[in-house]
Amino acid sequence: MKRILAAATTVFAAAALLTIPQAQAAPLACGTTNVAQGKTATASSTENAGTRASAAVDGNPGTRWASAFSDPQWLQVDLGSTQQICRVGLNWEAAFGRSFQIQVSGTGANPWTTIYSTTTGTGGNQTLDVTGTGRYLRVYGTTRATQYGYSLWELSVFTDGGGSGPVIPPTDPRNPNLGPNTFVFDPSTPQSTIQSRLNTIAAQMRTNQFGTQRYAVLFKPGSYNADVDLRFYTQVAGLGLLPDQVNLNGHVRVEADWLQQGDNPNNLGNATQNFWRAAENLSVTLPAGQIERWAVSQAAPYRRMHLRGQVQLWNGGDGWASGGLIADSQIDGVAVSGSQQQFFTRNSDLRGGWNGSVWNMVFTGTNGAPAQNFPNPSHTVVTNTPKIREKPFLYIDGSGEYRVFVPAIRENSRGTSWASGNPAGSSISLADFYVVQAGTPAATINAALAQGKHLLFTPGIHHLNDTIRVTNPNTVVLGLGLATLTPDTGLPAITVADVDGVKLAGMLIDAGPQNSPVLAEIGPSGSSASHAANPTSLHDVFFRVGGQHAGKATVSLRINSKDVIGDHMWLWRGDHGTGIGWNINTAQNGLVVNGDNVTMYGLFVEHYQQYNTIWNGDNGRTYFYQNEMPYDPPSNAAWGSSGGGAQGWAAYKVADSVTNHEAWGVGAYCFFNTNPAVVASRGFEVPNKPGVRFHGLVTVSLGGVGTINRVINDTGEVANQPHQVSYVTNYP
C-alpha cells in the first residue's frame with residue numbers, strides 16, 4: 001500500500017509437434033502419515049520439565065523438546081517396528097543444530113547407521129529425503145548453532161509404502177473439473193451470458209480486498225465481444241497456445257474508482273490497493289478511439305498479452321499507483337505510466353514506446369523501452385534478459401484436450417517468447433495432473449505428488465494441515481484464479497526438494513494463525529546440487545502475512561537451492577486489513593536467499609520487521625526491487641539491527657560473506673506513521689567488495705513521514721520531510 005503526496009479462431013495444427021514429457025513417478029511412494037507421532041521418544045537430556053522428549057512427537061507444533069546446553073545431544077523415537085524410512089521432517093525452534101546426523105538402529109543402541117549428515121544446518125523447517133531401515137530413529141547433534149541447547153517443535157518420520165494412502169482419481173483431460181469458481185467460455189456462448197457473468201464477478205469483487213472468493217474466467221480459442229472489468233482475486237486468461245488465438249473485442253481493464261485518495265471522499269482515483277488479479281494469454285482489440293486502463297499496484301501481472309491499442313497504467317487523472325508487471329507482452333500503442341511510482345517491464349514489445357517516469361521504471365529485454373537514464377527520468381534499462389523461463393499456462397490443443405505448456409529456458413533474450421510463432425517448450429496433458437479442489441486434504445495432495453502427478457489448484461482457499469512436499473524433478477504446481485494456500489498448523493505451506501526444474505506458479509500463500517517458521521522453502525538446508533541447466537522457477541507467487549486474518553510467519557520464502565529463478569513475486573506483511581499490528585501479524589523476513597546463482601525479476605517485498613530481504617548466496621542478481629519498510633515500528637528501541645549500531649533494519653541486506661552480487665533498479669521507502677520520529681540508517685546494506693554492484697537506487701520518505709539517512713551503506717542523501725527522494729546512480 002502506498003501513500004504519495006505527489007504526483008479469428010486459429011487451429012492448433014502445430015501443437016501436435018510439441019514434445020510431451022511423461023509424468024515422472026517416484027520409484028516407491030513415500031507415505032504421507034507421520035509414523036513418529038504419538039510414539040515413545042527419549043532424549044539425552046531435557047532443559048526442563050516442560051520440554052520433555054515426547055513433546056517433539058505429539059503432533060502439536062506449539063510444544064517442543066529442548067536439551068541441556070552442551071554437546072553432543074540426541075532425541076530418538078521408537079517407531080514400534082522395523083520401517084523403511086524415506087523422509088524425515090525437523091521443525092526446529094530458534095535453538096537448532098549446526099552439525100547433526102539422522103541415524104537408524106534396530107535395537108535403539110549401537111550400532112547406529114547414519115542416513116543423513118550436515119555441518120551447515122540453518123534451522124527452520126527441514127524436509128530431508130533419506131533412505132534407511134530401522135525401528136529406532138534418532139537425531140544426533142554434535143554442534144549447536146546457539147549458546148542454548150537443541151530444540152525441536154516436531155520430529156516427523158515417513159516410510160516407503162506408508163500407505164497405499166488415498167486413492168487419486170484420474171483427470172479427464174477433455175472434460176476436467178476445474179472447480180465451481182472457474183468459468184470456461186467458447187465462441188458459441190451468447191455474448192449476453194458471458195457479459196452477465198463478468199459483471200456479476202466484478203460487482204462482487206470490486207472492493208472485496210480480503211474476501212475468500214476466487215475466480216478464473218477462461219476463453220477457448222476464438223473471437224469474443226466482452227468488457228472485462230477485472231477486480232480482486234480474478235484471473236482472466238485465454239486457452240490458446242498463442243495470445244492471438246483468443247481475441248476480445250473490448251477491454252480487459254483495471255479501474256481506480258473505489259478507494260479514497262487524500263482527504264476528499266469523492267476522489268476515488270487511488271490505485272495503490274489494486275492488488276491480486278491477473279490478465280494472461282489474450283489479445284485485446286480496443287474500440288476505435290479508446291484506450292485501455294491498467295491502474296494497478298502489486299500482484300497484478302499483465303502477462304503474455306497482445307493489446308491492440310494504448311494503455312494507461314493509472315487512472316488517467318490525478319490518481320496514485322504503485323507498481324506492477326508487464327511481461328512477455330506486445331502493446332501496439334504507447335504505454336503511459338503516469339503516476340506509477342515504479343514499474344517493471346520484461347521481455348516485451350512496446351510497439352508504441354513508453355511515456356513517463358516517477359521514481360524508477362525498470363526494463364529488461366524489452367523492445368521499445370526508453371533509453372537508459374537515471375535519474376529524472378528514472379529509466380533503468382537492461383538490454384537483454386540473461387536467463388528466464390516464462391510462466392507455465394493452461395491451454396486447449398486442436399483435439400480439444402486440456403494441456404499445460406511449459407516454456408523453455410531462454411538466455412540473453414529480448415522481446416516476447418511467441419513473436420515468431422509457437423514458443424519453445426514442452427506440453428503436458430492434464431491427465432498427468434491432479435486437480436486440487438478446495439477442501440482436499442494435504443495427505444491426498446502429497447500422495448498425488450508421490451505418484452508423479454503435477455498439481456493444478458482450482459480457485460479457492462486451500463487450508464492445509466500439513467506441508468505440501470514436492471520431491472520429483474520437473475513437477476509443475478499451477479494455480480488458477482489466485483488459488484490461496486493457508487497453512488493452519490504452523491507448518492510450511494510448501495517445500496521443494498533439491499531437484500531440477502520444479503515450477504511453482506499462480507498462487508497466493510497466506511500465513512495461518514499459528515506461526516510458520518517458513519511459508520515456502522526451495523531446497524532443504526545445505527542444498528548443494530547445480531541446477532544451471534534446468535532451474536526451479538517461481539512465477540506470480542505471492543505471500544501474505546496478515547490482512548485477511550492475523551497470520552504469522554518468521555520467514556515467507558527461503559531459497560536454499562542453487563540457480564533458482566524468481567519471476568514476479570510480492571511478499572507482503574500486511575499494513576492494513578484484519579489482524580494488523582506490530583505484535584499481531586509478526587513476520588521477521590520476507591525473502592532469505594542461501595543458494596548461489598539465484599536470480600530475481602520483479603521482486604516486491606514489504607513491511608517485514610527485520611531485514612525484508614537477506615541475500616547469503618553468492619552470484620545473486622536482482623532486476624527490479626521495490627520495498628516499503630514497516631509502517632508500524634513503535635520506536636527505534638523496538639526496531640533496530642544489532643550490526644554497527646544501525647538504526648532500524650535495511651530493506652535489502654547482502655551478507656558480508658558474499659563476494660559477487662548485482663542489482664538493477666531498486667527502491668526502498670519509509671512511512672513510519674506510528675512514530676514519525678523513527679529513523680532507518682540506510683535502505684541497502686552490502687559488503688564493500690568489487691563484485692558487489694548496484695545500479696539505479698532510490699530511497700523515499702513517503703510524504704516526509706519518517707527518515708532514511710542514507711541510500712546504500714554510507715552513500716546517498718537523507719530522505720526525510722524536507723528532502724523526500726534520494727538517488728544513487730551506481731554503487732560503488
Side-chain angles (χ1 to χ4, degrees), residues 32 34 37 58-64 89-94 123-127 153-154 156 209-214 233 275-276 299 436-446 455 457-470 477 479 482-496 504 507-522 541-558 569-592 606-609:
T32 57
N34 175 12
Q37 186 171 322
D58 61 0
N60 182 351
T63 62
R64 63 187 177 96
L90 301 173
N91 186 356
W92 293 100
E93 196 253 350
N125 200 301
Q126 296 182 265
T127 299
W153 295 107
E154 283 295 303
S156 307
Q209 184 173 178
F210 296 110
T212 59
Q213 298 81 5
R214 303 287 187 272
Y233 305 114
F275 311 143
W276 301 310
V436 184
Q437 308 290 339
T440 301
T444 304
I445 298 170
N446 282 323
L455 300 178
F457 282 89
T458 60
I461 309 294
H462 299 265
H463 287 276
L464 304 173
N465 63 355
D466 196 3
T467 301
I468 297 170
R469 299 178 180 90
V470 180
V477 181
L482 283 293
T484 301
L485 311 184
T486 301
D488 291 332
T489 61
L491 295 172
I494 190 166
T495 59
V496 177
L504 307 181
M507 64 189 70
L508 169 62
I509 299 177
D510 196 6
Q514 292 191 43
N515 185 74
S516 292
V518 64
L519 291 176
E521 186 166 49
I522 311 302
V541 179
F542 311 127
F543 295 81
R544 182 170 68 192
V545 183
Q548 184 180 358
H549 50 254
K552 301 175 186 291
T554 306
V555 175
S556 287
L557 172 63
R558 184 161 55 227
M569 293 186 293
W570 184 36
L571 294 77
W572 185 65
R573 173 182 171 259
D575 62 87
H576 64 279
T578 298
I580 301 298
W582 187 252
N583 297 313
I584 300 173
N585 62 322
T586 53
Q588 181 173 299
N589 312 115
L591 173 66
V592 178
E606 297 190 299
H607 308 309
Y608 289 84
Q609 293 171 294

Asn585 side-chain N/O to Val545 backbone N/O, donor-acceptor pair under 3.5 Å: yes
Gap separating the OG1 atom of Thr63 from the CH2 atom of Trp153, nearest 0.5 angstrom: 8.0 Å
Gap between atom CG of Leu464 and atom CG of Asp488 - 0.5 Å precision: 7.0 Å
Residue pair Ile509 / Ala493: nearest heavy atoms and the distance that separates them: CG2-CB, 3.8 Å
His549 side chain to Ala511 backbone, donor-acceptor under 3.5 Å: yes
Criterion side chain to side chain contact (heavy atoms under 4.5 Å, CB included) on Leu491 and Asp466, from CA distance to verdict: CA-CA 6 Å; Leu491 295 172; Asp466 196 3; 3.6 Å; yes
Partner of Asp510 under salt bridge (charged side-chain N to carboxylate O under 4.0 Å, His left out), chosen from Arg544, Arg214, Arg573: Arg544
Donor-acceptor contact present, side-chain Lys552 to main-chain Ile584, <3.5 Å: yes
Parallel, tilted or perpendicular: rings of Phe275 and His576 (30°, 60°): tilted
No-hydrogen, no-angle side-chain donor-acceptor test under 3.5 Å, Thr554 and Asn515: yes
Straight-line distance of Ile494 CD1 to Ile468 CD1, nearest 0.5 Å: 5.5 Å
Side-chain donor/acceptor of Thr440 to backbone N/O of Gln437, under 3.5 Å: yes
Heavy-atom side-chain contact between Leu557 and Ile522 under 4.5 Å: yes
Straight-line distance of Thr484 OG1 to His462 NE2, nearest 0.5 Å: 7.5 Å
Test item: Glu154 side-chain N/O and Gly59 main-chain N/O as donor-acceptor pair under 3.5 Å: yes
Trace of the side chain to side chain contact (heavy atoms under 4.5 Å, CB included) decision for Tyr608 with Leu571: CA-CA 9 Å; Tyr608 289 84; Leu571 294 77; 3.6 Å; yes
Donor-acceptor contact below 3.5 Å, side chain Gln609 vs main chain Ala587: yes
Polar side-chain atom of Tyr233 near backbone of Ala483 as donor-acceptor pair, under 3.5 Å: no
Nearest non-hydrogen partners of Arg558 and Asn125, listed with the distance: NH2-N, 3.6 Å
Nearest atoms (heavy-atom pairs only) where Ile580 meets Gly574: CD1-O, 3.5 Å
Whether Trp276 and Trp572 hold their rings parallel, tilted or perpendicular, with breakpoints at 30° and 60°: perpendicular
Closest approach of Ala299 to Trp570 (non-hydrogen atoms, all atoms of both residues): CB-CE3, 3.6 Å
Interatomic spacing from CG in Asn91 to OG1 in Thr489 - rounded to 0.5 Å: 9.0 Å
Atom pair CG (Asp575) and NE2 (His607), whose distance is rounded to the nearest 0.5 Å: 3.5 Å
Heavy-atom donor-acceptor pair, Thr467 side chain to Pro492 backbone, under 3.5 Å: yes
Stepwise side chain to side chain contact (heavy atoms under 4.5 Å, CB included) test for Leu591 and Phe543: CA-CA 10 Å; Leu591 173 66; Phe543 295 81; over 6 Å; no
Heavy-atom pair with the smallest gap, counting every atom of Thr212 and Gln548: CG2-NE2, 3.0 Å
Where Val518 and Ala520 come nearest, the two heavy atoms and their spacing: CG2-O, 3.2 Å
